[in-house]
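This report refers to the structure that appears directly beneath it.
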Amino acid sequence: MVFNLGEENLSFYYHINQRSFLLQTKSKKFCKLMVSWIKASGFSRTVLLSSSHAYQRDDQQLLGTPLRYLQTPSMQKVTGDRLKEMEWREMETVSTFPGVTDSEQRLYIPGGGATKGLFTDSCAEDIPLVVVLIFCSEGDNIPDAFTLLNHLNTWLHLVDAPAQMQPKWRIPASWRLLFGSGIPPALF
Amino acid sequence: MATFFGEVLSVYSRAVEEDDEDLDDENEDEQIHRAIEEKREVHIAWCPEVAQSLEGKLQCSELIIAVGTNAAGFLSAYVLNTESWDAVGHASLWNERSRGSSRQSIAPLPGEPACLFYRHRDNPAVLVCQSTCYIAEDQLFQWTEKVFGCLQKRGLSVMVLSDSPVAEYKTPDYLYGSAVPFLRSLKSSASKSQALCPALEQPNILTGLPAAVLSHCQVHQIPAVLYQCYTDVISPDSITMETYKPALLCLSKLVKLEPCLSADVLRKFAIITEAQSNLYT
């Protein structure tokens with residue numbers, strides 16, 4: 001779904017909510033189409049919110065924040081060292097052949113769907129894009145969504161919040177009844 | 001996934017593994033993928049008369065699509081039961097659950113899950129589609145594009161009747177048995193007609209062919225209304241079919257209908273489950 005947030009301070013915000021899964025055989029095509037649309041639209045920056053399997057973390061990643069970021073070279077020119085100064089952690093690369101010393105490093109985002117594809121295509125097309133992702137597990141991901149959003153808000157200030165407090169976000173209707181309908185009263 | 005009460009449900013993972021395929025695919029892999037894609041392609045076969053007029057697009061002012069055995073049974077009983085309908089085409093496709101069609105040019109056998117098109121003899125701008133076969137996720141977009149690609153978009157209006165199990169209906173209050181079956185509606189923004197039952201409440205969603213058709217109509221600004229019937233019966237059932245009766249009000253403006261049917265006629269379209277075992281009914 002594509003949402004237009006309209007104009008605010010002469011900036012136009014578009015938000016795409018990719019709710020359905022991508023067919024694996026169409027993933028590359030999806031990335032190419034998306035990237036060419038972003039390029040043609042001329043967005044000054046693109047933020048990709050994503051996640052990765054928490055169980056795939058290595059020993060180092062188990063410590064500290066579950067939040068990571070990646071930025072394309074074009075985005076680096078826009079933000080400079082801002083994200084590093086905010087003490088955000090860049091997504092670590094993994095060894096192509098684990099256990100083999102001096103093995104090449106590669107980007108690996110397990111459970112991230114088209115994230116890696118979109119990121120690498122954006123690098124190739126010089127698109128200012130930043131990926132913000134959270135390590136999380138299957139299940140009720142509502143707290144993870146808030147963690148990710150609050151983290152993003154510390155950079156983009158989408159919503160004002162009183163100091164030391166989290167902003168008040170509106171919960172979407174699609175989050176209601178995640179665990180099914182009401183319980184039959186006769187059960188108790 | 002564990003639910004709030006601690007029971008473990010096996011659900012499809014919403015996470016998708018990154019594509020590990022190499023950028024330069026083996027030739028053999030490409031051939032296999034292509035062969036699978038060809039096998040899963042959706043084919044729309046029209047009768048010769050209609051195929052000829054498809055040089056332009058088919059004039060259609062009303063497209064009525066029934067998805068599921070009860071919706072299809074309702075149309076068979078109340079609409080297609082008169083003698084004024086011609087079978088004009090069918091969609092053939094193959095997937096793991098619908099193994100129809102190695103026989104693309106041959107129409108499906110009676111009783112076989114299928115996707116059939118009928119046109120009204122006196123009012124050829126009215127088209128009915130009965131879809132009782134399973135259409136996989138990767139085939140839905142193709143089906144919609146190919147069917148609507150044959151139709152003139154101007155002046156087109158769509159109605160979808162769709163079955164759904166009541167287990168998939170989410171409501172904060174417990175749903176008592178007597179409330180089932182029931183209808184809910186959803187419209188595209190271009191539809192100005194009054195829906196004949198309450199709108200589908202959030203957070204309920206549509207899936208499958210009804211969702212694909214309604215999405216297509218929304219994107220292309222085609223007036224469309226959907227009536228989803230939530231039922232607790234899996235097989236075709238006369239009470240569930242009768243739940244679609246409010247849709248008759250719209251249909252009667254277009255074509256002659258059978259307003260009152262005897263129980264015998266409805267029974268013909270409903271399957272009576274044989275009592276092979278009393279343990280699992």
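Here is the naming used below: chain letters follow the sequence lines, and residue numbers restart at 1 for every chain. Bear in mind that the values here come from a model prediction, so they are computed numbers and not experimental data.
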Atom OH of B/Tyr134: over 12 foreign heavy atoms under 6.0 Å: yes
Does B/Glu96 have more than 12 heavy atoms from other residues, nucleotides or ligands lying within 6.0 Å of its CD? yes
Looking only at heavy atoms, the pair that brings B/Pro203 and A/Ser174 closest together is CB-CA, 3.9 Å
Between B/Glu37, B/Lys170, B/Glu137, the one whose heavy-atom pairs under 4.5 Å with chain A are most numerous: B/Lys170
B/Asp138 portion near chain A, given a 4.5 angstrom heavy-atom threshold: both
First locate atom OG of A/Ser181, then atom CD of B/Glu168, and finally report the distance between them rounded to the nearest 0.5 Å. 11.0 Å
Above 12 or not: heavy atoms from other molecules or residues under 6.0 Å from CD of A/Glu104? no
Please round to the nearest 0.5 Å and tell me the distance separating atom CD of B/Glu201 and atom CZ of A/Arg176. 9.0 Å
Is it the case that over 12 heavy atoms from other parts of the model lie below 6.0 angstrom from the CG atom of A/Leu156? yes
For B/Gln221, is the CD atom crowded, meaning more than 12 foreign heavy atoms sit under 6.0 Å from it? no
Got a second to check how far A/Trp175's CH2 is from B/Gln202's CD, nearest 0.5 Å? 14.0 Å
